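Since the structure comes first, as structure tokens, the remarks are kept for the end.
Side-chain atoms are counted along with the backbone in the values below, which use heavy atoms only and exclude waters and symmetry mates. Chain letters run A, B, ... following the sequence lines, proteins first and then strands; every chain starts at 1. Remember, it's a predicted structure, so these values are computed and weren't measured experimentally.
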Amino acid sequence: MSRSTKYLKIFAYTYLIFLYAPALLLPLFSFNASQIIAFPLSGFTTNWFENLLYQETLHEALKNSLIVAVSSSILGTILGVLASRAATRYDFTGKQISLTFILAPLVLPEIIVGVALLIVLIQLGLPLNLWSVVLGHTLLILPFSILIMNSAFSNLDISLEEASMDLGENQFGTFYRVILPLVFPGIMASLLIGFTLSLDEFIIAFFLTGTETTLPVYIWAQFRFPKKLPTTMALGTVLLIVSLILLSLSEYFRRRAANSQNSVL
Amino acid sequence: MILNIKPETKKGWRLLSTPFIFSILLLAAPLTMMLLLSFWTQDYLILDRTFTLNNYIEAFTQPVYQLLFSRSLAISLTVTFFTVLLAYPMAYFISFHGGERKALWLFLITIPFWTSYLLRMFLWKVILGYNGVLNSFLLWLEMITEPLTFILYNANAVVIALTHGWAPFAILPIFVSLEKIDRSLLEASRDLGDGPFHQFFRVVLPLSAPGVVGAALIIFIPTVGDYITPKLVGGTDGLMIANMIQVQFSKANNAPLAAALSVSSLMIVAFISIVFVLVNRKHLRRY
């Protein structure tokens, strides 16, 4: 190994430590006995995790977040499937420009999306509640769903579809009994990614919730109380584990979606 | 002509119309409404719908907004620069020396970013604070005698936290562009007498330019409008334009000004991004 490669390797490992530093603090200090987040560590405890069981407002926020995440991931995925099917199967006028527009939230600062949605809701005199957050999150999830579904649909062999039509299925039957099962892993991946995005999203939820808070908005409020810090760290640890599981599952389904052709033929 | 629509166009639009209409209603309409509102004025709860440029004049001439715009841009550009600078050698290492373990390295890099953005940014406050993790650790090791104070509640803290938070968004695109480089080009350059230094600057770097430009835009655009990080670790000297937009909306009750500030930030970001792409077009088009 040349000397420059050795330096490069040292750099890569150091950088990796920098990238892990904050995330490693979560489990470290959520089991630490002291209320103050500082070194040296003072002993092992599971108190902070037990605390989570008795926070009424936390449970309420969790319930709200689950409602929002489930609804927006389903809505976003349905819209994503429609858009992506159109994009991968047909070639038509206005396709590129309208798709680019639908994908725009990927490159817009979230605060702009949040402010714009809030302005419309206020101007129309609509109430701010969990459903306004669901709509906002659906808008954010849709581009991700399209990107995931595009790879699932583009692996689809058009001859399978033709075979089904030749064998007497109508278009709906073909979609329901041939295409849908083949892209199902992609749909699962999109649902899981959407769910995770929504569960973590703060800015839009912060702008658009009325009195019902979501989990990130609840966590934001907890930051003001130094005494509650270790409990918040414990909550963060739990959320990290949940995200890890959800995203590993989504990765598993995404790979299956990419390989679905091989498993059928 | 009207009746002569291709069947494929009809089928395509039958599928695409629902998501498209959804995006019109939830994105185009709100952005248009925001643009309209920025030309109006609000006095407490009464909205005056006469066209005026006053909000924009205020946004661009009041020192406080000028300061916030320039600070947001300065922070965001610094973050973009350092993130790409740090990410490049990492992506290079994985692509050229990752061997069998490329996928594992990429996986390792993304794991810490599966924690929520909110918590990660908050953890930087815990790390950089006066009695924080870093200071208590350094004191414990007796490397310093009193806590460092220049690292929290200022622009430095915002830069550190954002440089960390956006790292994978730089590493991944640069890695992809490095992977695309035909390795035989490197052999050719070596055979023609290029040393490692020339090889990197004359072959590898120009060929990976699309990844670098992409990474820079992916980081620059959203960080200008970041709200969470400056609010948590920025103190008063590190606040950015998004924090002011939120204040104008809620406490100051001046939605039209908030709209004008939002539209202005969007325009500034778009302008800089377009100039950046045009400047780099030479590299992007050649390959």
Side-chain angles (χ1 to χ4, degrees), chain A residues 4-5 8-9 11-12 15-16 18-23 25-26 36-40 79-80 82-83 85-87 90-93 95 98 101-102 104-105 107 109-113 115-120 122-123 135-136 138-139 142 200 202-203 216 219-220 223 236 239-240 243-244 247, chain B residues 6 8-9 11-13 15-16 18-20 22-23 26-31 33-34 37 86 89-90 92-93 97 108-109 111-112 114-120 122-124 126-127 131-133 136-137 140 164 167 196 221-222 224-225 227-228 232 242 245 249 255 258-259 262 265-266 269:
Chain A
S4 61
T5 313
L8 201 59
K9 197 169 182 177
F11 169 82
Y15 192 44
L16 203 61
F18 168 67
L19 294 183
Y20 270 80
L25 292 178
L26 271 180
I36 300 157
I37 311 287
F39 283 104
L79 294 173
L82 291 172
R85 173 72 176 156
Y90 302 109
D91 195 18
F92 54 98
T93 354
K95 179 173 99 169
S98 43
F101 174 70
I102 296 174
V107 293
E110 264 179 47
I111 184 116
I112 304 281
V113 179
V115 164
L117 283 171
L118 184 60
I119 288 172
V120 159
I122 291 173
Q123 292 298 318
L135 290 176
T138 305
L139 188 69
L142 177 56
D200 274 352
F202 170 70
I203 292 288
I219 293 173
W220 180 258
F223 288 164
L239 286 178
L240 174 62
S243 303
L244 274 170
L247 287 158
Chain B
K6 278 190 296 185
E8 197 159 328
T9 301
K11 280 182 184 164
W13 272 107
L15 288 167
L16 194 58
T18 318
F20 185 64
F22 178 84
S23 292
L26 274 113
L27 192 63
L31 288 175
M33 189 69 225
M34 181 168 87
L37 186 67
L86 290 170
M90 186 65 161
Y92 184 90
F93 174 74
H97 304 286
L108 280 177
I109 283 165
I111 287 181
W114 291 354
T115 339
S116 81
Y117 189 70
L118 191 62
L119 278 168
R120 272 185 282 133
F122 178 69
L123 286 165
W124 278 107
V126 175
I127 293 173
N131 293 316
V133 172
S136 63
F137 187 65
W140 187 40
H164 174 270
I221 296 171
V224 174
Y227 173 84
I228 297 172
L232 283 176
I245 292 174
F249 234 107
S262 303
S265 340
L266 205 54
V269 170

Side chain, backbone, both or neither: which part of [X] has a non-hydrogen atom closer than 4.5 Å to chain A?
X: F93(B); result: both
X: I245(B); result: side chain
X: H97(B); result: side chain
X: L118(B); result: both
X: A167(B); result: both
X: A29(B); result: backbone

What part of [X] gets closer than 4.5 Å to chain B, counting heavy atoms only: side chain, backbone, both or neither?
X: F101(A); value: both
X: I203(A); value: side chain
X: T138(A); value: both
X: F18(A); value: both
X: L142(A); value: side chain

With a sphere of 6.0 Å drawn around CD1 of I36(A), does it hold more than 12 non-hydrogen atoms of other residues, nucleotides or ligands?
no

Mind telling me whether W140(B) and F137(B) have parallel, tilted or perpendicular rings, with 30° and 60° as the class edges?
tilted

